[in-house]
Amino acid sequence: MKRRILVTGGTGYIGSHTVVELQNNGYEVIIVDNLSNSRADVVDSIEQITGERPVFEKVDCLDYAALDGVFAKYPGIEGIIHFAASKAVGESVQKPLLYYRNNLVSLINILELMPKHGVKGIIFSSSCTVYGQPDILPVTEQAPIKKAESPYGNTKQVNEEIIRDTVASGSPIHAILLRYFNPIGAHPTALIGELPNGVPQNLIPYLTQTAIGIREKLSVFGDDYDTPDGSCIRDYIYVVDLAKAHVTAMNRILDNRQKDKVEVFNIGTGRGVSVLELIHAFEAATGVKLNYQITGRRAGDIEKVWADPAYANTELGWKADTSLEDTLLTAWKWQLHLREKGIM
Ligand code: UFG
């Protein structure tokens, strides 16, 4: 019998790619999503890719009773991948209580429901944002957690602590915290990808929207940082590689291969790429010339961060293996698909 997994936020950007990889690896997937930042037709697209329709329940993880009902309706759920969360850094500064409520209460509900329904493991979407500006690069999982730059970042830190405290208190659950670096790109079929609401805040959607003519010019936020070309450096990871890390992590929990009941892995490539390098890589990969200008720094930006993924490579047995060029091509193909479909 197939192992049954609950994916919260499963119609979202990273969630949808992970559902595909879970199905490709023989898991049965139940999606819950409140569709606050995604579309229900993502379920159709997933079915188109895998030939298998995941169960979809429109449920908000803040609704304890509704979530309880999902576990009752689909008995035998063995693991949860918890993506559902608010994720806009700027908005979190404007609406901190919304972020604390959404991101903390959802996780608390899930952690309370797991033992009740005999769910063994949870994979939590954490972020390299917990490291702030690391003192040593590449950054390892042992690096100190720095004071969060935003309420959003703080919810990631607090959620990690909530999981640790819950396990330490004797809850029978197992957990893996995946600290994502910067996920980009889209599924190679261009049937699923990132669908930003309004004006994109993140680099890649802004860049591809500029390339296709929706935005006039991409602003490069600062070229006076202490980096080789002066622009900020990040570790851009292909979303499908990232999705695969969740499958590997879920296998590890369910096959009893964990070293500790709570484990942490950096999910990045180990390659630092500057904003200007990324722009040039996009131009080289796609042949599309990009209109951009250097503007002032963006408040709250980290100067440079990239992962040491060695622990994930050796211990988890996972490695990001898609080139930056191939990744950028998928992002561009996705933008062209959105145009073709008249979505954007
Ligand atoms: N950038 C630009 N122009 C833009 C947008 C971004 O130059 O229009 C630059 C930023 O200054 C930064 C880089 O591109 O140097 C990447 O910016 P993103 O907004 O794409 O990503 P961040 O690294 O700022 O943030 C991401 C996630 C957050 C998460 C953070 C750390 O969006 O949710 O990584 O994990 F908290």
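Order of appearance sets the numbers: ligands from 1, and atoms from 1 within every ligand. None of the values given here were measured: they were computed from a predicted structure.
Contact between Y236 and ligand 1 is present, with at least one heavy atom of the residue lying under 4.0 Å from the ligand.
Atom-to-atom distance recorded for K244:NZ and N25:CG is 8.5 Å, nearest 0.5 angstrom. Distance NE2/H280 to OG/S274: 8.5 Å, rounded to 0.5 Å. The structure places OH of Y27 at 12.5 Å from OG1 of T18, a figure rounded to the nearest 0.5 Å. In this structure, CD in E303 is found 9.5 Å from CG in L137, a value given to the nearest 0.5 Å.
No N or O atom of V220 sits closer than 3.5 Å to an N or O atom of ligand 1.
Contact annotation for D301 and ligand 1: only side-chain heavy atoms (C-beta onward) come within less than 4.0 Å of the ligand. Using a 4.0 Å cut-off between heavy atoms, Q201 contacts ligand 1 through its backbone alone, with no side-chain atom that close. Counting heavy atoms closer than 4.0 Å to ligand 1, residue V275 contributes side-chain atoms (C-beta onward) but none from N, CA, C or O. Looking at S219 against ligand 1, only its backbone comes within 4.0 Å, counting heavy atoms.
Every atom of ligand 1 with a heavy atom of C128 under 4.0 Å away is listed here by number and element: 31 (C), 35 (O). Using a 4.0 Å cut-off to heavy atoms of C232, the atoms of ligand 1 that qualify are 15 (O). Per-residue contacts place L218 under 4.0 angstrom from the following atoms of ligand 1 (heavy atoms of the residue considered): 8 (O). Heavy-atom proximity to T129, at under 4.0 Å, picks out these atoms of ligand 1: 31 (C), 35 (O), 36 (F). Within the listing of ligand 1, atoms 21 (O), 22 (P), 23 (O), 26 (C), 34 (O) sit less than 4.0 angstrom from a heavy atom of N182.
In the candidate list Y152, Y292, F221, Y206, F221 is nearest to atom 5 (C) of ligand 1, counting heavy atoms.
A salt bridge links E315 and K259; the closest N-O separation between the charged side-chain nitrogens and carboxylate oxygens is under 4.0 Å. Contact check on D44 versus R53 returns a salt bridge, with a Lys/Arg side-chain nitrogen under 4.0 Å from an Asp/Glu carboxylate oxygen. With respect to the salt-bridge test (charged N to carboxylate O, under 4.0 angstrom), the residues K120 and E78 do not qualify.
Nearest protein heavy-atom contact of atom 18 (P) of ligand 1 is N202 ND2, 3.4 Å.
Ring-plane geometry between H246 and Y180 is classed as perpendicular, the angle between the planes exceeding 60 degrees on a 0 to 90 degree scale with a lower cut at 30.
Atom NZ of K319 is surrounded by 12 or fewer heavy atoms from other residues, nucleotides or ligands within 6.0 Å.
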